[in-house]
Structures are given as structure tokens and as C-alpha cells.
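See below for the structure under consideration.
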Amino acid sequence: MDFNAAEEEEFGFSRNYFLAKEMGSSGKKSARKLSDINVVDEQELREASANIEPKHQNDVADLINSYKSLYPKWVFDLRCGFGLLMYGFGSKKSLIEDFASTALAEHSVVVINGYLQSINIKQVIIALAEILWEQLKLKRKVSSGSLPKVQQPFSSRSMDDLLVFLDGPEMDEKDSFICVVVNNIDGPGLRDTETQQYLARLASCSYIRVVASIDHVNAPLLWDKKMVHAQFNWYWYHVPTFAPYKVEGLFLPLILAHGSSKQSAKTALIVLQSLTPNAQSVFRILAEYQLSHPDDEGMAVDNLYSISRERFLVSSQVTLNAHLTEFKDHELVKTKRHSDGQDCLYIPLTKEGLEKLLSEIS
């Protein structure tokens, strides 16, 4: 009897399920769409999230201190030739930058922010080559060793030549290395295959060590077996910090929020504040031109160079190109082809956002 009762009950559930499906399909479908939802403005949502009071601060502080006690071990791992890969919930930017500034104070450190939308990996490798070259020249002053001459500037060398140079020089100190800190090595600015391969080759160079963080669940799929074990040579550390992604989140749109020109201007301001005063002044020239010529397709590069040179902001076209590369890498400035075939520069902000940005940087 018990078996038959259970079978009858299961049959009843099944019958009711199909009856509900049949009745549901015969009714009218809702005309509502996701686009009809009145979502909050992105700026308001960010301000609200910024005002959320942190919880369990004492526990989190104890957790961070426990990680700081591992600093000597992390330095030892780097000296042994490993790369450090930090993973776990929460922003790890403050943690690994604190490690670099305290435990690696005797070493040169270069920081790459992978959460930016675009990054010029060649400029990073050029900077590393120049740092290593300066270290080699310093070693030569205190020793009688010979130093090979640089045949051409690093900026004009190929990526392969730069990586060969970084892997080639011999120094007496076996513990000497340049540390590359990569915040979000799985970020949008570094996620493509070619960039990851260059980073892996960079990590395998004799005097380069990499300390990186990941947050995407599928980040390990960026690398093959050779990259993981032979090039990056990762030593994995689970270091959940439970810290909010305040800086990283600035460059990504929030879900269920409308973007605004105010937020775009705020993001651009953060980037501009990290640039040199001359670079900011060059950007101002372009912004003022765009506001005074709203019907133009953009400002010609030659025109920008002439005005910048008159104001003693640049000394050559090379200097201006360096500023423009920074602008483009951070998506502050974009290029489009003028109707006469000439390249023109424009800032992808609304008039309101551009005026707000100019008032902030002044």
C-alpha cells in the first residue's frame, strides 16, 4: 500500500506540472522588457556603494597581518626563481603593492595595472630594459667589468631583441632582480593571447620576477602547461582579503546601472592626475579645441604639435607622440580619419563631461 501511495503522489506531481505548462502557454505573454526597468544612474550607485560601512574590520586586519608575516617567505620564493600568483576573494592591489614597497625596497619595481582597458606591453618592456641598463652601468662604475655598448635605443628595438637583452646580461649578485607587479594579470588590458605570451617570456628572463594577482574564475585558462611551469613558474598563494574593488571597479561599468558623463569624467580625471603636468597641458589644448570647435571631426595632430611647441610643452614630435600614446592607452583620446585623409584626435566625452573634467584639472 505504501508503495502504491508514493507512486500515485509522484504521478500527481507530474500531471500538475504539465497542466500548469499547458495553461501558462495558452495565456497572454507579458509585453514588459528588460529595457523598461528604470535602473539607477551609475554615479548614484557608486556613491551608495562607497558609503557602505565595512564589517568585521578587526578580523580582516588580523588576516592582512597574517599575510604580512609571509613577506620573508615570499621574498625567498622570488630569489629561488618563482613567480608569485595571488588569488582569493577581494582586491589584492594594496597587499601586493605594500609587499613590493616594504619587502622589496632594495629592488627596482615596475607596476602594471591590468584592470585598465588597454596597456602598451612594449612600453613596459622598454622601461624594464632601461632600468636594467642603468643597473648594469652602475655595476660597471664599482667594478672593472666590461659593458657592451647599446647599438640602438630600446624604443626602436623589436620585442624579441628587448627580451633577449633582459635575459642576457650577467651581474655578480645572483639575488638581484627587477620585480614586475601585475595587478589583475587576467584583466581586460592583458587578457589577449599575444600579451600573455610576452608576459610569460618576460617572467622567464633571468633578472625578472613577477608578482601578480587574478580574480577571474577562468584565469588559469589563459596559460598552457609550458607557460605555467616553465615560464611563469607560479607559486600559488590563496590570500582572500575581502577588500572592495574600489580602484579596479572604476574602469568597469556596474551591472544594472546607466553610464553617465559625470562618471566618465571622474575616471578620466583619475588617469590624468597620474600623468605629468606637461601631458595634462597637452590634453587641455585638445579639450579646449574640441569645445570651441564642436562641428569639427577632431584636432589635427600637426595643429596640436604646433600649439604645444609654442607653449614649450613639447620639444619634438617624439615627445608629443609619447604623450598621445599614454592618452590612447588609457582611452582618453581616440583617432579618426578626417575627410581629407588626415588623422584627427578627439576626446570621447560629452560636452558636459569635458567641461567638468577641465574644471577639475584646473
One pair to check against side-chain hydrogen bond (donor to acceptor under 3.5 Å, both in side chains): Tyr71 and Asp98. What are the steps and the verdict?
CA-CA 10 Å; Tyr71 283 3; Asp98 178 72; 2.6 Å; yes

I want to check something: taking the side chain as every heavy atom from C-beta on, are Gln317 and Val301 in contact at a cut-off of under 4.5 Å?
yes

Just say parallel, tilted or perpendicular for the rings of His107 and Phe177, cut-offs at 30° and 60°.
parallel

Ser69 meets the side chain to side chain donor-acceptor pair (under 3.5 Å) criterion, sequence neighbours left out, with none

Transitive ILVMFWY side-chain link Trp133 to Ile125, under 4.5 Å
yes

Just do the side-chain contact (heavy atoms from CB on, under 4.5 Å) check on Val210 and Leu84 with the steps written out, would you?
CA-CA 6 Å; Val210 176; Leu84 305 181; over 6 Å; no

State which residues pass side chain to side chain contact (heavy atoms under 4.5 Å, CB included) with Thr241; sequence neighbours excluded, sorted by chain then number.
Ile64, Tyr67, Lys92, Leu95, Ala243

Rounded to the nearest 0.5 Å, what's the gap from CG on Asp215 to CG on Asn183? Could you check?
9.5 Å

Is the side chain of Gln290 donor-acceptor paired with the backbone N or O of Ile347 at a distance under 3.5 Å, no angle test?
yes

For Phe283, check ring pair (Phe, Tyr, Trp, His ring centres under 6.0 Å) against everything at least two apart and list the hits.
Phe327

So how far is it from Leu190 CG to Tyr115 OH, rounded to the nearest 0.5 Å?
11.5 Å

Rounded to the nearest 0.5 Å, how far apart are CG of Leu104 and CD1 of Ile96?
11.0 Å

Could you verify whether a donor N or O on one side chain and an acceptor N or O on the other, from Thr195 and Asp192, lie under 3.5 Å apart?
yes

Does a side chain donor of either Gln123 or Thr325 reach within less than 3.5 Å of an acceptor in the other side chain?
no

Mind listing the closest non-hydrogen atom pair of Ile112 and Val124 along with its distance?
CD1-CG1, 3.5 Å

When you compare the side chain of Phe165 with that of Arg157, does any pair of heavy atoms fall below 4.5 Å?
yes

Under 3.5 Å: donor-acceptor pair, side chain of Ser206, backbone of Asp167
yes

Could you note down all residue pairs passing side-chain hydrogen bond (donor to acceptor under 3.5 Å, both in side chains) where residues 54-63 supplies at least one of them, sequence neighbours left out?
none

What do you reckon, is NZ of Lys351 surrounded by more than 12 foreign heavy atoms closer than 6.0 Å?
no

With under 30° as parallel and over 60° as perpendicular, where do the rings of Trp234 and Phe232 fit, or are they tilted in between?
parallel

So, Asn120 versus Glu326: side-chain donor-acceptor pair below 3.5 Å or not?
no

To the nearest 0.5 Å, what is the distance between CG on Leu163 and CD1 on Ile208?
9.5 Å

Electrostatic pair Glu288-Arg284, nearest N-O below 4.0 angstrom:
yes

Could you walk me through whether Arg209 and Asp77 pass the salt bridge (charged side-chain N to carboxylate O under 4.0 Å, His left out) check?
CA-CA 10 Å; Arg209 299 291 184 270; Asp77 293 338; over 6 Å; no

Identify whether NZ of Lys or CZ of Arg in Lys336 sits under 6.0 Å from the centre of the six-membered ring of Tyr346 and within 45° of that ring's axis.
yes

Among the clusters formed by ILVMFWY side chains lying less than 4.5 Å apart, do Leu85 and Tyr245 turn up in the same one?
no

Check whether any side-chain heavy atom of Leu291 sits under 4.5 Å from a side-chain heavy atom of Leu358, and report yes or no.
yes

Taking only residues two or more places apart in sequence or in another chain, which ones pass ring pair (Phe, Tyr, Trp, His ring centres under 6.0 Å) with Phe82?
Tyr235

All side chain to side chain donor-acceptor pair (under 3.5 Å) counterparts of Asp296, not counting sequence neighbours
Tyr289

Could you tell me which non-hydrogen atom of Ser316 sits nearest to which non-hydrogen atom of Tyr305, and how far apart they are?
C-CE1, 3.4 Å

Can you confirm whether Glu248 sits close enough to Ser91 that some side-chain heavy atom of one is under 4.5 Å from a side-chain heavy atom of the other?
yes

For Ala100 and Val109, work out which heavy atoms get closest and say how close.
CB-CG1, 4.0 Å

Verdict with reasoning, Asn184 to Ile214, per side-chain contact (heavy atoms from CB on, under 4.5 Å):
CA-CA 5 Å; Asn184 295 100; Ile214 57 172; over 6 Å; no

Decide salt bridge (charged side-chain N to carboxylate O under 4.0 Å, His left out) for Glu360 and Lys356; before the verdict, give the C-alpha distance in whole Å, the side-chain angles of both, and the deciding distance to 0.1 Å.
CA-CA 6 Å; Glu360 292 287 348; Lys356 178 177 176 59; 3.7 Å; yes

Indicate yes or no: at least one non-hydrogen side-chain atom of Pro240 is less than 4.5 angstrom from one of Phe242.
yes

Closest non-hydrogen contact found for Ser158 with Lys122 is CA-NZ, 4.5 Å

For Ile185 and His216: C-alpha separation, side-chain torsions, deciding distance, then whether side-chain contact (heavy atoms from CB on, under 4.5 Å) applies.
CA-CA 10 Å; Ile185 196 172; His216 199 288; over 6 Å; no

All heavy atoms of His323 vs all of Val314, minimum pair found to be CD2-CG1, 3.8 Å

Grouping I, L, V, M, F, W and Y whenever their side-chain heavy atoms are under 4.5 Å apart, do Leu70 and Val239 come out in a common cluster?
yes

Do Met299 and Ile307 have side chains that approach each other closer than 4.5 Å (heavy atoms only, starting at C-beta)?
yes

Min side-chain heavy-atom separation Gln196-Met227 under 4.5 Å
yes

Kindly determine whether Asn113 and Ile119 satisfy side-chain contact (heavy atoms from CB on, under 4.5 Å), including the steps that lead there.
CA-CA 8 Å; Asn113 293 320; Ile119 294 170; 5.5 Å; no

Distance in Å, Ile285 CD1 paired with Glu310 CD, rounded so as to fall on 0.5 Å steps:
9.0 Å

For the student: nearest non-hydrogen atoms of Ser213 and Asp186, plus distance:
O-OD1, 3.9 Å

Flag side-chain contact, heavy atom, 4.5 Å: Pro220 against Tyr87:
no

In this structure, CG of Leu63 is separated from NZ of Lys68 (nearest 0.5 Å) by 11.5 Å

Do the side-chain N and O atoms of Thr335 and Asp343 include a donor-acceptor pair separated by under 3.5 angstrom?
no

